Asks: 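Here it is: the structure, laid out below.
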Amino acid sequence: MKNTISRFTLLEVVISLVILSLSLTGMLRLLSHSQSRVARAEEQWREMHMLTQGVEYLMLAGSEEDLHVPDEVFPYPDYLIDCTVEDAEGLPEELKNQENQLPLKKWTISLHRTSDRAERLHVIIDRLELQAKEDDDETE
């Protein structure tokens, strides 16, 4: 009786190494792309959070005279909040200058990177100009 042992040929070993290297290359490429997508998503989330902080402060302050967000509220030296307030445009004529109607304002709040002054995000808010009710209370 002959004892036959089957062994892999050199060609089979080379082909299996090529397949293994291709699959490892694909996995590493996938890992690299997913890592860059996670970094981009984290940066977008951080910038959206910064813009939200600025918008909340400006909306709660409610004053068109001081449109600056203090450093205590917005402690990000690499970014800047910019705000402009203007009258709303494009309203139908029957809605303009009505009695007992507050004027509609358009607030445009932008997040800029200070290094290149590039606008990263912006939000446009239409809101009513709130007036103090103290004037009405004092007359009664």
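In this chain, numbering begins with 1 at the start of the sequence shown. The structure presented is a predicted model; accordingly, all values stated were derived computationally and were not measured. Quick note: numbers below take in every heavy atom, side chains included, and nothing from hydrogens, waters or symmetry partners.
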Asks: Looking at side-chain heavy atoms only, is the closest gap between Glu42 and Arg46 below 4.5 Å?
Replies: yes
Asks: Check for a donor-acceptor pair, side chain of Ser21 on one end and backbone N or O of Leu17 on the other, with a separation under 3.5 Å.
Replies: yes
Asks: Walk me through it: do Ile124 and Lys106 pass the test side-chain contact (heavy atoms from CB on, under 4.5 Å)?
Replies: CA-CA 7 Å; Ile124 298 173; Lys106 177 177 140 183; 3.8 Å; yes
Asks: So does Gln35 have more than 12 non-hydrogen atoms from other groups sitting under 6.0 Å from CD?
Replies: no
Asks: Are side-chain heavy atoms of Arg120 and Tyr79 found at a separation under 4.5 Å?
Replies: yes
Asks: Who clusters with Ile15? Use side-chain heavy atoms, under 4.5 angstrom, across I, L, V, M, F, W and Y, and order the result by chain and number.
Replies: Leu11, Ile19
Asks: Report, one line per pair, each donor and acceptor closer than 3.5 Å where one atom sits in a side chain of residues 49-61; sequence neighbours left out.
Replies:
{"unit_1": "Thr52", "atom_1": "OG1", "unit_2": "Met48", "atom_2": "O", "d": "2.7"}
{"unit_1": "Gln53", "atom_1": "OE1", "unit_2": "Tyr76", "atom_2": "OH", "d": "2.8"}
{"unit_1": "Gln53", "atom_1": "NE2", "unit_2": "Val73", "atom_2": "O", "d": "3.2"}

Asks: When clusters are formed by joining ILVMFWY residues with side-chain heavy atoms under 4.5 Å apart, either directly or through shared neighbours, do Leu80 and Phe74 land in the same one?
Replies: no
Asks: Can you list the residues that meet the side-chain hydrogen bond (donor to acceptor under 3.5 Å, both in side chains) rule with Glu119, with sequence neighbours excluded?
Replies: Ser110, His122
Asks: Could you go through Trp107 and Leu67, starting from their C-alpha distance and side-chain angles, then the distance that decides it, and tell me whether this counts as side-chain contact (heavy atoms from CB on, under 4.5 Å)?
Replies: CA-CA 10 Å; Trp107 291 58; Leu67 297 176; 3.9 Å; yes
Asks: Nearest heavy-atom pair of Asp82 and His112: which atoms, and what distance?
Replies: CB-CD2, 3.7 Å
Asks: Do the side chains of Glu12 and Arg7 get close enough for a salt bridge, i.e. N-O under 4.0 angstrom?
Replies: no
